[in-house]
Every structure is written in structure tokens, then in C-alpha cells.
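Reading through the C-alpha cells given below for one structure.
Predicted model only: the values in this text are computed from it and were never measured.
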Amino acid sequence: MKKNSTRIEYISTGPKPKDIEYSIKTNVGGMNGNTSLNSNGSVEIGGHSCTGFALTSKEEKKETTISWNGTTEKFVWIGNSKVR
């Protein structure tokens, strides 16, 4: 059984948003939703235990969209590196 989670953290110097919308897509699926950031401006999404399901590898591309307060940011990650 493995856990797979993603941490989203607001790193701008501007005021932290309370709520965000997110979408993360990979070759094996994805996740999306709405959530609130904690007082530090971050949230951990996913983190569910699973068996018999495909998990993303460190080399897999993750297409990510995050929206807050009328602003949308799109980027792609491979492993822990932002590539565009």
C-alpha cells in the first residue's frame, strides 16, 4: 500500500488566498477540486492509501493548473522540477 500526495504552497509576497481551485493531470489520471489553504498558505492534497492502482513515477509529467482570486497559473512538473 502506498500513499501519493501533492503539497501546494502559495509563495508570492502578496496576500495569501483563502481558497484555491486545482487540477493536476498525468498519464495515469489526475485530480482536481477546491480547497482552503492553511494559515501558512499551503495544503496537502491526495494522500490516500491505495493498492492495485497506478501511481505516477518521479519522471512523469504533471500538467498543473491552480486558480485563486481571479488569477490562474498553469505549469508542468517532472519530478520536483518545474519545466514550463
Tell me the side-chain hydrogen bond (donor to acceptor under 3.5 Å, both in side chains) pairs involving residues 8-19, sequence neighbours left out? Asp19-Ser36
Pairing residues for Ser39 by the side-chain hydrogen bond (donor to acceptor under 3.5 Å, both in side chains) criterion, not counting sequence neighbours: none
For residues Pro17 and Asn69, report the shortest heavy-atom separation together with the two atoms involved. CB-ND2, 3.7 Å
Partners of Asn32 by side chain to side chain contact (heavy atoms under 4.5 Å, CB included), sequence neighbours excluded? Ser23
Considering non-hydrogen atoms only, spot the tightest contact between Thr72 and Ser67 and give its length. OG1-OG, 2.9 Å
Listed by chain and number, what are the side-chain hydrogen bond (donor to acceptor under 3.5 Å, both in side chains) partners of Asn38, not counting sequence neighbours? Ser42
Is the shortest heavy-atom distance from the side chain of Ile45 to the side chain of Ile24 under 4.5 Å? yes
With rounding to the nearest 0.5 Å, note down the distance linking NZ in Lys74 to CD1 in Ile66. 12.5 Å
From CH2 (Trp68) to CD (Glu73), nearest 0.5 Å: 4.5 Å
Going from NZ on Lys61 to CD1 on Ile78, what distance comes out if it is rounded to the nearest 0.5 angstrom? 7.5 Å
How many angstroms lie between atom OG1 of Thr64 and atom NZ of Lys25, to the nearest 0.5 angstrom? 10.5 Å
